[in-house]
J.: 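My questions will all concern the structure given below.
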Amino acid sequence: MISSDIIKQKALEYGADLCGIGDVRLYEGSPPQRDPRFIQPKAAAVIGVALRVPRGIYRGILEGTQHYTYTSLGVKALSEEVVGAFLLKMARVIENEGYEACIQRSAPGLRIKDDMDTNPEVTATRRLIHTEPVGPGKPAPEVILDETQSAVICGLGTPGYRGNVLTPEFGPFQRFAFIVTNAPLAPDPVITESLCDQCGACADACPGKAICGSERTLVVGECAFPYGSWDTWQCSVYYRGAHRSNPFMPADFLRDHPEREAILSGEKRFSREEALAIYDRLKFLPNTHYGYVPCLCGKACDTACYAHLERKGLIRKKFAMGFISEPATGGRP
Ligand code: SF4
Ligand code: SF4
């Protein structure tokens with residue numbers, strides 16, 4: 001007999017670090033292209049899992065001496081290999097009991113129709129894909145769950161300032177996957193108190209000033225979580241290393257560019273077109289498999305956030321040593 005307890009026990013056994021169950025009714029009012037009921041019309045629950053990105057993966061970045069492990073293991077391996085195997089095993093558990101498991105991994109190569117904002121993490125997202133609704137009252141494919149909304153609905157965490165998810169266990173250091181199912185699973189409560197205190201440390205740390213001020217709100221049931229705005233095109237340029245603290249940048253980088261100083265200092269504001277135009281000059285390291293772009297901003301937003309939450313005693317997973325003693329600065333000298 002399937003139950004929430006059995007699902008959680010299996011999720012942890014198969015490698016998840018956190019598992020929560022969300023009530024699918026909490027998606028009421030969501031854009032259809034974000035609503036799991038347009039994937040499985042009989043959906044009753046969404047199972048959410050978090051897989052931690054080991055804290056030690058960020059250590060070489062903080063030291064300034066090693067950058068490739070974050071992208072290759074913290075992003076690509078988790079999202080493309082570990083999560084895939086995990087979800088397929090979970091699907092067997094659910095479907096052995098006679099319920100469907102619509103397994104949902106991250107989709108960095110895809111966007112919902114007309115979404116011009118999503119961070120183009122892999123090459124395929126550079127261009128919009130043409131798509132039309134497949135029938136009256138149906139959204140255009142692909143329907144893709146909103147990761148932050150879904151993690152909040154599953155009781156795993158609350159929104160950070162740039163709209164990512166913070167969990168009490170790991171702060172911003174994890175990746176997520178979901179299963180939409182018609183299995184009648186008891187939901188977990190939503191975490192009502194936001195971990196994010198809007199301190200701004202993440203925004204200050206970003207070398208591209210990609211996290212800006214204007215407020216958005218995520219409403220889940222009775223809860224409203226305010227968060228800031230995140231310019232993902234600006235982020236994509238500085239994630240790729242267009243800033244002075246990138247240790248792989250040659251001295252003559254962009255020497256012929258009229259806006260070189262503004263770009264290197266993070267003052268330049270990139271439109272979508274300008275971001276796409278400069279990508280070819282931001283090839284400091286080879287892409288990893290599946291087209292993942294090497295992270296050369298050091299995920300300064302997340303490391304600053306983690307350090308802030310740890311100082312406040314808000315990270316449940318304890319370590320023998322503190323993460324950093326000073327706030328991250330967006331790259332080390
Ligand atoms: S620190 Fe990096 S990942 Fe974070 S917002 Fe800035 S460029 Fe993007
Ligand atoms: S550093 Fe963390 S807690 Fe502070 S504003 Fe950013 S997301 Fe919120």
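Indexing begins at 1, ligand by ligand and atom by atom, following the structure's order. All values below come from the heavy atoms of this structure, side chains included, with hydrogens, waters and symmetry mates left out.
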J.: If you draw a sphere of radius 2.8 Å around atom 6 (Fe) of ligand 2, how many protein N/O/S atoms end up strictly inside it?
T.: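 With waters ignored, the protein N/O/S count below 2.8 Å is 1.
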
J.: Salt-bridge test for R37 and E28: reply yes if a basic N is under 4.0 Å from a carboxylate O, no otherwise.
T.: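 E28 and R37: salt-bridged.
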
J.: For ligand 1, which atoms have a heavy atom of C235 less than 4.0 angstrom away?
T.: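 Result: 3 (S), 5 (S), 7 (S), 8 (Fe).
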
J.: Please work out whether the ring planes of Y58 and F173 are parallel, tilted or perpendicular, with thresholds of 30° and 60°.
T.: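 Parallel: the ring planes of Y58 and F173 meet at under 30°.
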
J.: Within the 4.0 Å heavy-atom shell around Y239, which atoms of ligand 1 are there?
T.: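 So the answer, numbered in order with elements, is 3 (S), 7 (S).
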
J.: Measure from NZ or CZ of R55 to the centre of the six-membered ring of Y306 and say whether it is under 6.0 Å with the direction within 45° of the ring axis.
T.: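 Geometry flag: not set, cation outside 6.0 Å or 45°.
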
J.: Which of the atoms of ligand 1 are close to C206, meaning less than 4.0 Å from one of its heavy atoms?
T.: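 By the 4.0 Å cutoff, the relevant atoms are 1 (S), 5 (S), 6 (Fe), 7 (S).
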
J.: Could you check whether K317 makes a cation-pi contact with F319, meaning its NZ or CZ is under 6.0 Å from the centre of the six-membered ring and within 45° of the ring axis?
T.: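 Positive - K317 is close enough to the ring of F319 and near enough to its axis.
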
J.: Atom 3 (S) of ligand 2: which protein heavy atom is closest, and how many Å away?
T.: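 Nearest protein contact, heavy atoms only, for atom 3 (S) of ligand 2 is D197 OD1, 3.5 Å.
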
J.: Below 4.0 angstrom from a heavy atom of W230, which ligand 1 atoms are there? Numbered from 1 as shown, please.
T.: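 Here the atoms of ligand 1 in question are 5 (S).
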
J.: Among K8, R52, R175, exactly one meets salt bridge (Lys or Arg N to Asp or Glu O under 4.0 Å) together with D17. Which residue is that?
T.: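 So the option named by the test is R52.
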
J.: Check the pair F248 / F253 against ring-ring contact (aromatic ring centres under 6.0 Å, His included), numbers first and verdict last.
T.: CA-CA 10 Å; F248 301 97; F253 176 69; over 10 Å; no

J.: Check for a donor-acceptor pair, side chain of K299 on one end and backbone N or O of L296 on the other, with a separation under 3.5 Å.
T.: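 Checked: no pair found.
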
J.: Is the backbone N or O of L145 less than 3.5 Å from a side-chain atom of Q104, with the two atoms forming a donor-acceptor pair by type?
T.: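 Looks like no, no N/O pair under 3.5 Å.
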
J.: Would you confirm whether D188, through its side chain, and I21, through its main-chain N or O, come within 3.5 Å as a donor-acceptor pair?
T.: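 The answer is yes, because a donor-acceptor pair under 3.5 Å joins these two groups.
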
J.: Would you say A300 contacts ligand 1, with heavy atoms under 4.0 Å as the rule?
T.: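 Contact present.
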
